[in-house]
Amino acid sequence: GHGWHRTSFRLPPEWKTRRVRLLVGSADEQAWVYLNGHLLGEHTEKSEGQSINVLWESPFVVDLPTERLHADKDNVLVIRIHNSLANGGLWRPVRLHAVDDKASP
């Protein structure tokens with residue numbers, strides 16, 4: 001079935017001009033990432049061209065576009081998980097980090 005993970009965060013002032021990324025250690029099995037109500041990316045059989053036997057333990061990154069981030073109020077981050085076998089969900093760390101524009105994709 002489907003499970004939902006939801007949290008909110010505020011950008012540190014020094015991040016307002018930097019690129020922000022979400023690092024997901026592992027989502028068992030498939031995942032869709034939303035920011036402030038907008039789908040930003042997915043880690044699915046369709047998007048990755050891999051089976052759930054590979055996806056469930058593969059880390060992935062989603063860029064959070066500046067135009068979708070609120071600089072001075074709460075941002076709502078939601079990750080929807082679909083799992084068809086055994087236990088599921090986020091089972092490795094999920095982190096936000098800021099990178100310089102010169103950093104590689």
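The structure presented is a predicted model; accordingly, all values stated were derived computationally and were not measured.
- Atoms NE2 and CZ, on H97 and R19 in that order, are 8.5 Å from each other to the nearest 0.5 Å.
- The two residues S58 and S26 come nearest to each other via the heavy atoms N-OG, 4.0 Å.
- Side chain of W91 to backbone of W56: a donor-acceptor contact under 3.5 angstrom is found.
- Annotation: side chain of L35 is in contact with side chain of L69 (closest heavy-atom distance under 4.5 Å).
- For A27 against L90, the heavy-atom pair with the smallest separation is CB-CD2, 3.8 Å.
- Residue K16 comes nearest to A71 through the heavy atom pair CE-O, 3.2 Å, listed as atom of the first residue, atom of the second, then distance.
- The shortest distance between side-chain heavy atoms of D100 and R18 falls below 4.5 Å.
- Once rounded to the nearest 0.5 Å, the distance linking CG of N83 with NE2 of H2 reads 10.0 Å.
- Judged purely by atom type and a 3.5 angstrom limit, R92 uses its side chain to pair as donor or acceptor with the backbone of E57.
- Considering only heavy atoms from C-beta on, D63 stays 4.5 Å or farther from L40 through its side chain.
- Residues satisfying the side-chain hydrogen bond (donor to acceptor under 3.5 Å, both in side chains) test with S84, not counting sequence neighbours, are E29.
- Under the rule for a side-chain hydrogen bond (donor to acceptor under 3.5 Å, both in side chains), the partners of N75 that lie at least two apart in sequence or sit in another chain are N36.
- Placement of V62 and F9 within a single hydrophobic cluster is found when ILVMFWY residues are connected by side-chain heavy-atom separations under 4.5 Å, directly or transitively.
- With rounding to the nearest 0.5 Å, the separation of OG1 in T44 from CD in Q50 is 10.5 Å.
- Separation of atoms OG1 (T66) and CG (L11) is listed at 9.0 Å; rounding is to 0.5 Å.
- With T7 as reference, L77 is the one residue of V78, V76, L77, V94 to meet the side-chain contact (heavy atoms from CB on, under 4.5 Å) rule.
- Between the side chain of S8 and the backbone N or O of D74 there is no donor-acceptor pair closer than 3.5 Å.
- Counting heavy atoms from C-beta outward, E48 and H43 have side chains that approach closer than 4.5 Å.
- Among V33, L55, L22, L23, the one residue that satisfies the side-chain contact (heavy atoms from CB on, under 4.5 Å) test with F60 is V33.
- Note that the CZ atom of R80 and the CG atom of L39 stand 8.0 Å from one another [nearest 0.5 Å].
- Using a 4.5 Å heavy-atom threshold, the side chains of W15 and L96 count as touching.
- Expressed to the nearest 0.5 Å, how far OH of Y34 lies from CD1 of I79 amounts to 11.5 Å.
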